[in-house]
Amino acid sequence: MTRFIELLINGLSLGSVYALIALGFVVIFRATEVVNFAHASLLLLGGYVTAVLHADLGFVGALAVGVLAAAAVGALIELVLLRRAKAPRQVVAIATIGIDIVLMAELSRRLGTQVLSLGDPWREKVVTIGGITVAQTRIAALVVAAILIGLFLLAFKYTSWGVSMRAVAEDSETSALMGIRLGRISMSAWAVAGALAAVAAVFITAFPTPGLDRTSSIAALKAFPAAILGGLDSVTGALVGGLLIGVTEALVGGYQNDLTFLGRGLGDVAPYVVMIAILLVRPSGLFGTREVSRV
Amino acid sequence: MSKLRYLPLLLLLLPPFYLDLFWLQAGLFVMAAAIGAIGLNLLTGSTGQLSMGHSFFLAVGAYGYVYFAGESDEHLVGLGLPPVVAIVCAVVLAGLAGLAFSPIAGRLSGVYLGIASLALIFIGQHVLFNVHDVTGGYNGRAVPPLEIFGFTFDNSGDVAPFGIPFGGLEKLWFVGLILLGVSALFALGVLRSRPGRAMNLIRDQQTAAGVIGIPVARTRAAVFTLSSMYAGLGGVLLALTFQRAVPDYFGMLLALDYLAMIVIGGLGSVTGAIVGATFVTLLPQLLTRYSDSLPLVSPPGTGGVSPADAARYLYGAAVVGIVLFLPAGLRGLRIPSLTPRKETTP
């Protein structure tokens, strides 16, 4: 039972990190209707900048620079690619794959075979409460993710930025006519998404994961099923999807010794299986808007 | 005139007589990639359904062939069928795998399918690494050579037309050409007839397609199946050229390469798929071959920008540039003397 609770807490913490990533992904999709396939490499970029600078600037300083860098690159993608491309949104989504290929090639070349630490202050310390042992990083992840998501939701609901964002998602043409500057909205969406991904990089690579290496982006990719099983255009969906994927991964990974008949390394595959299962029943995700067209 | 412009294609018969093994192998990779890319372009370019799972079906084709044609020994299992039968079985197997995904492929549209098909890659890799008996696990498995009516496509035998000794790659070249030719003609046929028009309408106006009686979900599922059969055939040719199939190769990067191919060449066109496959496949090979004489590129393992990385920068940038400036892809760059005036756009 203790083991189950430990796994559940780890899963929730991992899930909250996936939710952070998926949130950025959904924000981009709502503001620009483009699926950002370069999201995982934005995360890797943020993580890499933090890892390289933490010895000089300290963890917080390095993280700040990492967050800024990822946000700036996100905004740059919007400025250079999205604003100029006249192709259908779906083709623009493939173009983000081109960006992903370039960023990923550069980052994995720089990383090589190294495993970098991001220099987080929690290291491998653990907390034990009532016989349940949890790594400090996992608690930090939960707390930080909860604070950031809370802030985001408040901003989304109450600030004029959030209101414009929702208006654009609802009907971009009308909101442009009402004086909302679409370019700014979509650029800020990309910047916010990049920043969230960079924060998530800290917790994707922190203990018990060995550190940042070229496979870190594979972990980040699990935010894709999280976003789509919740519904690509739903913020609630991103949060629920993230938690669901995180808990599934932790539980299946934790009990995989009882599931050896399905092969080794099952924890990494389980999120995708869950995604398929949910999409079979609800093709637009749990909270996504159903496509309805009138003739 | 109209028929004569196909005449230059006959030049493709010449390479085995003149070029060395490096170029023959590169050419065969191009042909294999082109077959796969034609299939992906039917799905993504013509029907508007994004797929990131293409490398999974390539793997099914490659390992399907190895399994059906290979012999069993103490570590590996194989059925030992005649290679030609094995090719057919492998393609059918890839088609069945695509069909099995059709509840998803039929219902989800566009980018949603793109993300959902990511699952195929990860589940596929998981299966490939765990089914040691079939795939040989991490180190992969040797691919049995092709054999048609007792004529083996490897370095054995004493075949020397016009005094030029033919090894495995030389012989395989002609098989590749035939497979690519048949695949391209079949795809052209699909695009120019009723199914092609239905596919394009689903891409452009899904509701209208439904209204005029096109079964949207069924057509999508059918195209997905067809495209996975193409991938299967591409996978078989790839395996025959490599002579070894390694699970790691069929990962996410390969799927991204195929998407890059069709965007670079031109979405929705068979020629585009072939052009894109040539570009994306040849680029790293060329850079590797000439890395000594190129600036900014250093040989692998020396810490600088390796040829494979340089190729990735280039075609990643090419994808972005083409979406921005050349929406019809490289195929849209027309050389007036080579292209016919009247184009029947499917």
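Chain identifiers are assigned alphabetically (A, B, ...) following the order of the sequence lines, protein sequences preceding nucleic acid strands; residue numbering begins at 1 within each chain.
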B:Tyr313 and A:Arg109: CA distance, side-chain angles, deciding distance, side chain to side chain contact (heavy atoms under 4.5 Å, CB included) verdict: CA-CA 11 Å; B:Tyr313 300 147; A:Arg109 181 180 73 81; 3.1 Å; yes
Using 0.5 Å steps for rounding, measure from the [atom1] atom of [X] to the [atom2] atom of [Y].
{"X": "A:Phe37", "Y": "B:Leu118", "atom1": "CZ", "atom2": "CG", "answer": "7.0 Å"}
{"X": "B:Tyr258", "Y": "A:Ile97", "atom1": "OH", "atom2": "CD1", "answer": "15.0 Å"}
{"X": "A:Ile101", "Y": "B:Leu259", "atom1": "CD1", "atom2": "CG", "answer": "8.0 Å"}
{"X": "A:Met104", "Y": "B:Met252", "atom1": "CE", "atom2": "CE", "answer": "7.5 Å"}
{"X": "B:Ile121", "Y": "A:Ile218", "atom1": "CD1", "atom2": "CD1", "answer": "9.0 Å"}
{"X": "B:His126", "Y": "A:Asp268", "atom1": "NE2", "atom2": "CG", "answer": "9.5 Å"}

[X] portion near chain B, given a 4.5 angstrom heavy-atom threshold:
{"X": "A:Ala85", "result": "both"}
{"X": "A:Ile228", "result": "side chain"}
{"X": "A:Val91", "result": "both"}
{"X": "A:Ile276", "result": "both"}

Parallel, tilted or perpendicular: rings of A:Phe29 and B:Tyr112 (30°, 60°): perpendicular
Give me the atom names and distance for the closest heavy-atom approach of [X] to [Y].
{"X": "A:Leu280", "Y": "B:Pro103", "value": "CD2-CB, 3.5 Å"}
{"X": "A:Gln90", "Y": "B:Leu50", "value": "NE2-N, 4.0 Å"}
{"X": "B:Val323", "Y": "A:Ala87", "value": "CG1-CB, 4.2 Å"}
{"X": "B:Thr44", "Y": "A:Ile94", "value": "CG2-CD1, 4.0 Å"}
{"X": "B:Arg312", "Y": "A:Ala105", "value": "CB-CB, 3.7 Å"}

Close side-chain approach of A:Lys222 and B:Phe122, heavy atoms under 4.5 Å: no
Residue pair A:Val269 / B:Gln125, side-chain heavy-atom distance below 4.5 Å: no
So for [X], is it side chain, backbone, both, or neither that comes closer than 4.5 Å to the heavy atoms of chain A?
{"X": "B:Phe325", "value": "neither"}
{"X": "B:Leu108", "value": "side chain"}
{"X": "B:Tyr315", "value": "side chain"}
{"X": "B:Val263", "value": "side chain"}
{"X": "B:Ile322", "value": "neither"}

Closest-packed option against chain A by number of heavy-atom pairs under 4.5 Å, given B:Gly210, B:Ala317, B:Ala116, B:Gly321: B:Ala116
Selection from B:Val320, B:Leu324, B:Ile115 maximising heavy-atom pairs under 4.5 Å formed with chain A: B:Ile115
Greater than 12 external heavy atoms within 6.0 Å of A:Arg83's CZ: yes
A:Glu33, CD atom: more than 12 neighbouring heavy atoms under 6.0 Å: no
